[in-house]
K.L.:
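Got a structure for you, written out below as structure tokens; questions coming shortly.
Chain naming here is simple, since letters A, B, ... match the order of the sequence lines and numbering starts at 1 in each.
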Amino acid sequence: MSSENGRSDRPPAQDPPGGEQLALIRETVRRAKPPRARPRTWRGAELAERDPVARVLVDKGLLHLDRLFDYAVPAAMDAEARPGARVRVRFGAGERGGRREGGGLVNGFIVERRADSDFPGVLAPIAQVLSPEPVLGPGLLRLCQAVADRYAGALADVVQLAVPPRMARAEKTPAAGAPAAPPPPPRPPEASSWARYPAGPGYLRALAEGESPRAVWTALPGPHWPDELARALAAALASGRGALAVLPDGRAAARVDAALTALVGGGRHVLLTADAGAEARYRRWLAVNRGLVRCVVGTRAAMFAPVHDLGLVAIWDDGDPSHRDPREPMPHAREVLLLRAARDRCGFLLGAHSGTVEAAQLLETGWARPLAADRDAVRASAPLVRTVGDGDEARDPAARAARLPTLAWSTVREALRRGPVLVQVPRRGYVPRLACDRCREPARCAHCSGPLEATGGDAPPRCGWCGRDTPGWACAECGGTRLRGRVFGARRTAEELGRAFPSVPVRTSGRDHVLDAVPDRPALVVSTPGAEPVAEGPGYAAALLLDGWALLSRPDLRAGEEALRRWLDAAALVRPHTEGGTVVVMAEPTLRPVQALVRWDPAGYARRELAERAELGFPPVSRMAAVTGPPEAVAELLAAAELPPDAEVLGPVPLPVPDAGRPRRPGGPPPGERWDRALVRVPPGSGAALAAALRTARAARLARRGSEPVRVRVDPEDIG
DNA sequence: AGCACGCCGACT
DNA sequence: GTCGGCGTGCTC
């Protein structure tokens, strides 16, 4: 032993086996300055007899030190320093004069206890065991690692998404002793409305018998899906296994929670959503982690829930953007659940009224089977869908006053005699943008050419860039002097509809005030997508889907899919056409998403989209990653990365330079700066190699110099 | 990212 | 002979 502070001349007596390294650890621990005294803090006495080395995941999301570090376990912490426990360790200290100092305390998780260490230097002791609760167990750790690998991200970042923050009070168990997990439900659930799907009862039966069927479920319109999803969970429970369902928002989760409670009673599952509060959420999460509860219904973060012995993972409406976690490395719930299903060999259920290309691909590759109703059943439960193109002008004055084409106006008027009418508007707010009423050219500020925005009421429009009021506006193209709103927000629409139908109450539901349900009485319900209340009883008498062209004109690969998804989610709340349910969509009838809505054929639409993506080599038929940053940095990273041989680099191309003074988009270039973006594309089998190559190259770059940020995004959303 | 070490020039 | 510039590399 030749370390200058090794002191091998005086080895400690009664060394347990472990050789020089162990002696070195003991010496290090003996010499190290004990941290300030705290409860559970090591005070500098002895080292744990067995496995005195703890492998620690340091909770710093820095990619270039995304690996495990060994620490010495003091004897006093031996019992609590279990794998999975939260600890605090000194990190980042250098060595000076053989004495360890400096380095801040950081949080981490013990991943493993070992007899020895590969680290040639001296080990620092664990500073504190925050809690012995094994919150990062082996199964959850492996899942986090798989997600980090999939997304070229840092393990510590993923763990932060997967393990909820500690709430000490929630960890206290009742003094009466650990309660036992309730037994599985005595019998599998009845098929009930699953009988409407030819493969439905068989799917439930397979789950209940302990098999692991995988399905993409195109749900029929109507109010049955929460109960059907609950039945799938109950079937998995009945097999003695656990189950997990991820929903796009708290309202949807609450509906499935209620359905499941009605089916199997309370105590067998927990609801994991944000609005339960941090402590209650952690308490429920702990119950799952301890194996006391085997079933979870929750929102996005629940995708990591450490359910024991998974029999089924399920996701509802996987196209909803909230399924992608906005934090690094931005994992998508569908992809995380796919990883879990593959690793745990459990059942998989992806359900939606619409269909994503990813779901279509699961079917096309044969990995999952379709769970869809016959055309006859679809026709019987879907509303009648009619289209109104942009050219159809309002002819009668009442309709014109409501800014509605005649068909839309008469449909609403007629339906209001029978029940509530849903009006879906694409954006909330108050007429965000204006255009010339005569030539439809976007209205621009005479001073700086910025877009004009309405400010509300009768106030003159204002420029969105320079903020000037523009009282005497005239169109630069045609000289027109009248303005019209290009996109009508919920409030404006509600106002105008209220004027057009003065005898009917108008209710709005949007991000601020979301209504859960409306009674089965005539009312106008104006809502933004995703906030539509459920109509009690048979459902809405009609729905009006406004400004479809605004949704479809976005230069986004997913614009059509997303428009169709929003329309179907709203239209699914309308009663069947056999009971008079009608949907009017204001969009060009020749567009494919519009036709798919009229025919109620989301699966067919997704299949065609998938075929088109395959032709173009777009995701998910290929796996893509985006590399963005200053041009030299992007070029250097691509040159340094050992990309798989079948990788194809597209670009780099310059990103649009954001205008100075506009708020910076997160993850985008700073205002006024030129950034490049390159796309790297590989065939499906090489996704892991691509992610690994980009992660390694980026880590090496970060380690070399902290400057010049390069962002790597796997499955980039906004490729046009 | 921090933070320490190290090898050069200007000062006492 | 000593202080301190920040270039380079590590963090158990």
Side-chain angles (χ1 to χ4, degrees), chain A residues 1-6 18-35 41-42 44 47-48 51-75 77-78 81 83 85-130 136 141 153-157 159-160 327-329 629 633 636-637 640 667 695-712:
Chain A
M1 171 166 323
S2 59
S3 169
E4 69 252 77
N5 59 325
E20 283 193 356
Q21 174 66 30
L22 191 53
L24 183 57
I25 295 168
R26 292 187 172 279
E27 184 62 11
T28 310
V29 170
R30 194 185 63 75
R31 289 173 142 261
K33 204 157 67 176
T41 298
W42 179 78
L47 199 58
D51 294 339
V53 176
R55 196 145 262 207
V56 173
L57 173 69
V58 175
D59 196 1
K60 279 192 150 195
L62 300 173
L63 190 58
H64 52 291
L65 35 84
D66 192 47
R67 56 205 162 94
L68 303 176
F69 292 88
D70 288 351
Y71 284 82
V73 180
M77 300 180 193
D78 185 25
R86 298 183 211 251
V87 292
R88 284 170 84 74
V89 292
R90 293 209 169 272
F91 189 79
E95 229 176 276
R96 198 162 55 193
R99 194 138 284 182
R100 206 135 272 291
E101 56 185 72
L105 281 173
V106 296
N107 291 344
F109 301 88
I110 296 180
V111 158
E112 190 188 355
R113 288 279 298 268
R114 299 167 60 108
D116 50 15
S117 170
D118 301 332
F119 185 60
V122 292
L123 298 183
I126 289 171
Q128 185 185 0
V129 179
L130 287 169
L136 185 60
L141 176 68
L155 175 61
D157 281 336
V159 167
Q160 228 158 18
R327 294 164 293 175
E328 283 292 316
E636 281 170 28
L637 184 101
R695 169 159 62 180
T696 306
R698 184 157 163 258
R701 188 179 168 76
L702 282 165
R704 201 159 354 102
R705 211 168 308 152
S707 59
E708 296 290 49
V710 185
R711 304 184 62 87
V712 171

K.L.:
Could you tell me whether the side chain of A/D51 reaches within less than 4.5 Å of the side chain of A/D78, counting heavy atoms only?
P.N.:
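Counting from C-beta outward, A/D78 and A/D51 never come under 4.5 Å.
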
K.L.:
Roughly how many Å is it from CZ in A/R90 to C1' in B/dA4, rounded to a whole number?
P.N.:
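Roughly 16 Å, once rounded to whole Å.
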
K.L.:
Once you round it to whole Å, what is the distance between P of C/dC12 and CZ of A/F109?
P.N.:
19 Å

K.L.:
In terms of side-chain geometry, is the basic nitrogen of A/K60 or A/D157 positioned less than 4.0 Å from the acidic oxygen of its partner?
P.N.:
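Result for this pair is no, no salt bridge flagged.
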
K.L.:
Under a 4.5 Å cut-off applied to non-hydrogen side-chain atoms, are A/P83 and A/V111 in contact?
P.N.:
no

K.L.:
Expressed in angstrom and rounded to an integer, what is the separation of A/L105 atom CG from C/dC12 atom P?
P.N.:
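Roughly 12 Å, once rounded to whole Å.
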
K.L.:
Is the aromatic ring centre of A/F69 closer than 5.5 Å to the centre of the six-membered base ring of C/dC12, with the two planes inclined by less than 30°?
P.N.:
no

K.L.:
So, are A/D118 and A/R55 salt-bridged, with charged N and O less than 4.0 Å apart?
P.N.:
yes

K.L.:
Take the protein atom CD1 of A/I110 and the nucleotide atom C1' of C/dC12, then report the distance between them rounded to whole Å.
P.N.:
13 Å

K.L.:
May I have the distance from A/Y71 (atom OH) to C/dC12 (atom P), rounded to whole angstrom?
P.N.:
5 Å

K.L.:
Whole angstroms only, please: what is the CG-P distance between A/D118 and C/dT11?
P.N.:
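Atom-to-atom, A/D118 to C/dT11, this comes out as 14 Å.
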
K.L.:
For A/F119 and C/dC10, what is the distance between atoms CZ and P respectively, to the nearest whole Å?
P.N.:
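A/F119 atom CZ is separated from C/dC10 atom P by 11 Å.
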
K.L.:
Check the distance between C/dT11's C1' and A/L702's CG and give it to me in whole angstrom.
P.N.:
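Those two atoms, CG and C1', are 15 Å apart.
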
